[in-house]
Amino acid sequence: MNVNHSATPPLAPELIEQFRKIVGERHAITDAADIEAYVTEERNLFHGRSPLVLRPGSTAEVAAICKLASEHKIALVPQGGNTGLVGGQTPHNGEVVVSLRRLDKIREIDTASNTMTCEAGVVLQIAQQKAAEMNRLFPLSLGAEGSCTIGGNLSTNAGGTAALAYGVAREMALGLEVVLADGRVLNVLSKLKKDNTGYNLHNLFIGAEGTLGIITAATLKLFPKPRSIETAFVGLKSPEAALKLLAIAQSEAANALTSFELLSEMAVDFSIRHGIDVRDPLAQKHAWYLLMELSSPGDDARTPLETILGLAMEDEIVDDAVIAANLTQRAGFWKLRDEMSSAQKPEGGSIKHDISVPVATVPAFIAEANEAVVKLIPGARPVPFGHLGDGNLHYNVSQPIGANTADYLARWHEMNAVVFAIVLRMGGSISAEHGIGVLKRDELPDVKDKTAIELMRQLKAMLDPLGIMNPGKVL
Ligand code: FAD
């Protein structure tokens with residue numbers, strides 16, 4: 001996907017040299033072959049270009065980069081794990097990439113305060129593991145957790161599979177350290193749950209997608225590590241049945257219900273056919289599936305899970321279900337879910353919508369959107385799946401069998417318009433968890449409150465008056 005915005009002037013060799021002095025010879029990359037990994041993303045949907053990738057190793061180095069960049073009006077694109085799905089981390093127009101991956105220290109784990117202070121480049125899975133070693137849980141969890149970073153998670157306000165019980169990334173951050181566009185360091189790292197000393201500044205940078213400053217560290221909340229986790233894979237007839245099961249699960253298990261993932265038959269079928277080592281947990285095919293998980297800080301999540309499934313079977317809400325007998329089987333259920341995005345690739349072009357609607361309207365949304373996309377492109381194959389408990393669906397639509405992929409993808413925004421119209425009518429959001437980046441930038445002014453957009457522009461102008469922080473993204 002090509003993205004055009006105003007041209008960035010070429011970088012003078014003397015300036016490259018000054019940047020090089022800040023990070024050291026090895027960490028200023030100018031070789032085109034080495035830069036490639038920073039300007040493309042996994043799905044190859046976006047491809048950018050950059051004359052220079054900087055890999056700072058400390059907050060002071062990030063601050064020096066920003067100061068120099070602002071003195072010379074050089075545009076910067078912050079990058080973490082490069083797993084973002086909306087083109088926010090890609091230098092579309094020759095900007096300098098600031099990769100935060102070397103800022104990978106866990107500065108402190110405080111088990112009395114239940115906090116972890118870590119640098120922005122810490123990979124999410126490492127943060128989870130370090131918390132677990134201290135008998136705590138850092139609950140943010142998503143398919144890209146082996147490579148995405150805490151800085152990227154906060155900058156996109158990532159959601160993931162445990163948001164139902166623990167909230168999204170924003171709710172897990174108590175404070176941040178941020179380098180501003182002019183090189184000043186804002187230190188609002190804090191372990192405090194209660195701190196009413198004026199404006200909540202750290203929240204401005206969460207979900208800002210690197211357009212207001214560069215996050216260099218965060219203090220994150222930790223939770224008790226569950227002693228018992230039970231996972232079920234369920235077959236049922238419809239999203240309506242899934243909603244009924246959600247109601248039973250929430251009244252029987254309350255906060256112990258940590259994941260509730262709705263999967264369409266086609267999404268499961270693609271994952272089994274194209275995923276690596278993915279198996280169908282159930283003996284027969286079903287129109288819809290659910291992956292549900294209960295986690296309990298006490299000893300027993302099994303009894304409530306069996307009660308929930310028993311009640312649902314009595315009421316004929318559930319057609320079949322299997323509870324993971326061991327950790328390997330549980331990992332197998334999650335593998336099926338985690339392979340779902342990449343398993344769509346071999347089926348050709350896929351037009352994506354990361355939307356949310358009020359939970360109660362999910363079944364109506366699916367029915368209306370399925371009808372609308374097939375009317376727009378006969379033979380298009382809806383592959384909905386996602387976090388039903390949060391009203392968040394990855395409403396992806398694969399190309400008709402045998403269609404030309406480029407022709408299909410050329411209709412990306414046309415299909416978005418049709419789906420987003422339904423989302424907005426239902427009071428939903430066109431970006432539930434992936435952000436705006438460049439992918440949805442042009443749609444944003446049409447769907448967001450005018451005053452909100454005006455305030456966003458004013459904040460951007462105040463914090464980044466030269467427009468060097470991830471230009472052309474979000475706004
Ligand atoms: P990047 O991709 O490097 O950057 C993302 C954005 O954040 C860019 O705008 C970038 O400029 C900015 N940024 C990065 N680091 C910083 C920093 N330190 N300071 C300021 N700005 C910064 N997302 C979900 O929310 N839920 C999911 O369930 C989910 N599942 C996924 C599954 C797969 C297989 C993949 C590939 C992606 C998935 N994502 C999901 C999207 C993605 O993983 C998240 O958006 C993630 O939070 C991005 O982290 P990152 O470190 O890779 O950031």
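We count ligands from 1, going down the list as the structure has it; atoms in each ligand are counted the same way. Only heavy atoms go into these numbers, but all of them, side chains included; no hydrogens, no water, no symmetry mates. It should be emphasised that the depicted structure is a prediction, and the values quoted were computed from it without experimental measurement.
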Fill in the blank from the handout: The answer, listing residues by chain and number that come under 4.0 Å of ligand 1 through any heavy atom, is P78, Q79, G80, G81, N82, T83, G84, L85, G88, Q89, L100, A120, L142, G143, A144, C148, T149, G151, G152, N153, S155, T156, A158, G159, G160, E209, G210, G213, I214, I215, H387, E433, H434, N470
Problem - Side-chain donor-acceptor pair present, E293, T231, cut-off under 3.5 Å - result: yes
Problem - Residue pairs involving residues 337-358 (criterion ring pair (Phe, Tyr, Trp, His ring centres under 6.0 Å); sequence neighbours excluded) - result: H353-Y395, H353-F420
Practice task
Check whether the side chains of T405 and Q399 place a donor and an acceptor atom closer than 3.5 Å, and report yes or no.
Solution key: yes
Exercise for the section: Look at the rings of F333 and F233 and say which category their plane angle falls in: under 30° parallel, 30 to 60° tilted, over 60° perpendicular. Expected result: tilted
Exercise for the section: Ignoring hydrogens and angles, state whether a donor on the side chain of T219 or T117 is under 3.5 Å from an acceptor on the partner side chain. Expected result: yes
Fill in the blank from the handout: Which of L459, L455, I453 passes side-chain contact (heavy atoms from CB on, under 4.5 Å) with R457? Answer is I453
